[in-house]
Structure formats: C-alpha cells, structure tokens
2 protein chains.
Amino acid sequence: MSAQPTDTQPSRPRIRDAEATKGRILDAAKKEFARNGLEGARVDAIALEANANKRMIYHYFESKEKLFQTVLENAYFDIRESEKKLELDSLDPREALERLVRFTWNYYIQNPEFISLVNSENLAQARHLKTSEPVKIVSRRFVGLVDTILKRGVSEGIFRSGIDPVQLNITIAAVSYYYFTNQYTGSIIFERDLMSESAQAERIRFNIDTILRIVCL
Amino acid sequence: MSAQPTDTQPSRPRIRDAEATKGRILDAAKKEFARNGLEGARVDAIALEANANKRMIYHYFESKEKLFQTVLENAYFDIRESEKKLELDSLDPREALERLVRFTWNYYIQNPEFISLVNSENLAQARHLKTSEPVKIVSRRFVGLVDTILKRGVSEGIFRSGIDPVQLNITIAAVSYYYFTNQYTGSIIFERDLMSESAQAERIRFNIDTILRIVCL
DNA sequence: TACCAAAGTAACCAATCGGTGCAAAAAGGG
DNA sequence: CCCTTTTTGCACCGATTGGTTACTTTGGTA
C-alpha cells in the first residue's frame, strides 16, 4: 500500500471548470438513469461516477427530477440531430427508407441509454417531456422526414398511396426498439441469444423487409 | 375525532383465509409494481392497497424481489393461458394470424400491467425470469403457435416459405407493445392522442395489414 | 496584491425504505 | 376445553435516500 490518500492523482491541482463538471455530471447521470431507471438511480452514484461533489449536482441542476429532465431532453436533441445528417432526399425512396431503418437500428445499438431513458419517461407518464417545448419543436422535423419519402415514392409510382406517415414512423421505431428493450426476457422466452452477431444481422434484414413490404405496391 | 383506533372496522371479526390474503397481496403488488416499477414500488403501499398487514407480505413472499418474481411469473402464465384458448387451428391461416394480432392488441389493452412488468424485468436484465423453469415451459407452446400457422399457410400456397417464426412472433408483439408502452412520449412527439378510440382503431388495422404483408406472397 | 464571485467540498439531516421480533388472536384437531 | 398451528398486528431497526448548511479554495481582475 502506498501513502497516497486516494487512487486519483495525489495532489491534483484541481482545475475549476464549470462546463466540464456539468458535462461529467450529465454523462454520469445518463448512465445511471439508463441502468437503474428514474427511481432506481442514486444521486450519490452519479456524483461518484462524475468525479464531482454531490452538492454540485444540486447547484447546477436543482433536483434529481430536473437532472433527469435535462438528460432526457439532451437525448432527444441528439437523436434528432443525428437524423438530420442522413440526407435522405438524395436517395431514391426505397433506399431512403432502408437507410432510415438501418439508422434507427444502429442508433439504438450505439446509444442503448436512449431506449432506457424513454422507458423511464413513459413509466412517469411523460411528465418531464410535457413541459419541454424544445423537444416538441425538434420532433416536428423528424415526422416530416418519412412523410417526404412517402410522397416521393407515391409520385414515382413505387409506393402505394394513403399510408399514414405517423403509423409508418411508429412501426419503424417499434420493430427495432422492441427487439432491444426486451432483449433479456426475449432471449429467455425464445431460448435464443437475440444479441449475437448473427441474430442481429437476421433481425435487421427482417425489419427492412417488413418496412418495404408495408409501403411497396 | 372518534375513539376508534384505526379507520378499519372497529371490531372486524377477522376471517382466516390465507389464500384470499395472498391473492389480495398479489393483486395489489401487480398494480403497484406496474405503476411505479420494481424500484419505485413501495411495500407499505402494497400492504395498504391489499388491506393486509405488511408483515404478511414477508410471511408469504419472503422479500420484495420474490414478490415481484411471483407477480411476474403469474403474468406470463396468464397471457399464455389466454393464448391457448384461441383455437387458431380451426381457422384458415390468414384469419388465424389476424386473430392472433387482435388478441395481442386486446390483451395489452385489458392487461396494461403486463407491459409495465415486462419493462421492469428487462431493466433488471431478466434476473427474476432466468431462474423460472415454469415460464420457459409455457413459452415453448407459444412459439409453436405461429410456427404451425406459418407451415399451414405455406402448404396451402398462400404464405411464402422461409419465414422465421420467431422473427414474426417478435414483430407481432412489437407493433402493439411499442404503441402502448410509448403512448405518453408518443402522444407528445407525434402531437396526436394515440389512445383515442379512432387512433386505436387505425393502429390495429395498420398492424394486421403489416403482419399479413410480411407473410403473404 | 487585495478582493470577491464562482467553483468545489465535507459533514450532516430528516424522512423513508425494506425488513424483523415478538406476541396476541383465531382456527381446528383431540 | 385445551393446546398447537396458522394468521395477524404493531412497534421498531439499521441503512439509505434526496437534499442542505456552512465552509474553503480558486482564479480573473481593479
């Protein structure tokens, strides 16, 4: 054993950086809320993980609930921002739809916290999102995405008309979201490792096929 | 203020009925776990709701976790039992599939606790279900259901071959499950009341259409 | 360099949580 | 009618929780 007091650097010059501290708290909170849910998350655990003092959480974010709200809003901003970078208008409608399905799948894989946060928010009956005007604003653009693809497909004569873009949007999310959020109970009930490489490859193909079958003539 | 010690009947004759007490606790626990999640649920609240003493919960179910496990297992037994009553073999494959999609939808409506309990279990990485052999057993029959319909449809020349029954099973659940579990955030993001009568009717039609498009030639 | 708002810390608190010890009350067999 | 077993009630506990009080340290700047 050494005489050093902790496993951090012995006499860290302690840099003051409010933005960095806020960022570390948000990152830690996202992890903790995703892993344990809104009720299960521990403020002390967030402070520890963020390498920050618990008092700073209340200094910057007021309460556990407000912290969750901020984490959740940021999560929505992030996914909508990523979607904007897809440039689906340059692709033909079928390819645009396939890319959107793939994007949704990959986003959930790379950001597993997103699904868990949304689940927590729905258990809370969306009480944090209700008051968030910014999230509503960024969501509008997102709904328009599928609508545009659908209209283009119809005018090109490859998609059938009369499809509700909201229903399609929901279904695109559903077939991937459900697979991930229920991966643990699913792997038991179907007696198959749903998260193996081969199972994942199989599922994404099935999902693309499903969505294209909905829209094509 | 009256002199009565509590708000229960002053000298209730106290009937001994272990099974009834257990049942009331399980009902109350199901509601409480569904509403607040595994971590958010309060044992005192369950006791109050069940009109039973908290001590009885630990007498009959040992711990909060074990109580949750029992509630969850019962929920799975119930849905699988209901599915058995569908008699899908007497219908032609297309109708059988439609009935199964409708059943899944209606079951989620009539048993909203089921979805919430499954969500909680997945947040807990299915640690309660892992050790439950009975749930695995009743699940096998369930997977076989869709497989049988699919095979019949192929031999009758109305379904295409090569469809993985597990993928189809997952998709049937997904398109309804996702709609309900995300009803609160969904209603905000799509700026539409997803739970209105008309919205529900629209969704179930869309779901039946989706599933039939997957299997039909 | 003296000053002071901003950033960070440690110790603490009241409330609440899951879980228990213990014994009274009620049923049922002899 | 007694006595064992099951069912019930109440008070209580140690641990943990979200949140706070009071304080020190830092770094830009007048």
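- Judged purely by distance below 3.5 Å, without hydrogens or angles, the side chains of Asn207(A) and Arg203(A) pair a donor atom with an acceptor atom.
- One interatomic measurement links the two molecules: CG of Asn53(B) to P of dT6(D), which rounds to 19 Å at whole-angstrom precision.
- Heavy atoms of Phe61(B) sit nowhere under 4.0 angstrom from any nucleic acid atom.
- If you measure from atom CE of Met56(B) to atom C1' of dC10(D), you get 14 Å, rounded to the nearest angstrom.
- Separating the CD1 atom of Ile57(A) from the P atom of dA7(C) is a distance of 16 Å, rounded to the nearest angstrom.
- In this structure, the NE2 atom of His59(A) is 14 Å from the C1' atom of dT26(D), given to the nearest Å.
- Atom pair Lys64(A):NZ and dG19(D):P shows a separation of 8 Å (rounding to whole Å applied).
- You'll find the ring centres of Tyr178(B) and Tyr177(A) inside the 6.0 Å limit.
- The side chain of Val43(B) sits closest to dG18(C) out of dG8(C), dT7(D), dG18(C).
- With no hydrogens or angles considered, a side-chain donor-acceptor pair links Asn119(A) and Thr181(A) at under 3.5 Å.
- Put simply, CD1 on Ile25(A) is 15 Å from C1' on dG19(D), counting in whole angstrom units.
- Note on Ala41(B): only backbone sugar-phosphate atoms sit closer than 4.0 angstrom, heavy atoms only; bases stay farther off.
- Rounded to whole angstrom, the span from the CD atom of Glu39(A) across to the P atom of dT16(D) amounts to 18 Å.
- For Arg55(A), whose side chain is taken as the heavy atoms from C-beta onward, the closest listed nucleotide among dC10(D), dG19(C), dA22(D) is dA22(D).
- Listed pair Arg42(A) / dG18(D) meets the phosphate criterion, a side-chain N or O lying under 4.0 Å from OP1 or OP2.
- To the nearest angstrom, P of dG18(C) lies 7 Å from CG of Asp44(B).
- Nearest nucleotide to the side chain of Lys54(A), out of dT8(D), dG19(D), dA7(C): dG19(D).
- Between His128(B) and the options Glu121(B), Lys66(B), Gln69(B), a side chain to side chain donor-acceptor pair (under 3.5 Å) holds for only Glu121(B).
- Looking at every heavy atom in both residues, Ala52(B) comes nearest to Arg24(B) through CB-NH2, 4.3 Å.
- Remark: Tyr58(B) is not in phosphate contact with dG21(C), judged by side-chain N or O atoms under 4.0 Å from OP1 or OP2.
- Taking 4.0 angstrom as the limit, Thr21(A) places a side-chain polar atom (N or O) nearer than this to OP1 or OP2 of dG8(C).
- Among the protein residues, Ala20(B) comes within range of no part of the nucleic acid, since none of its heavy atoms lies under 4.0 Å from any strand.
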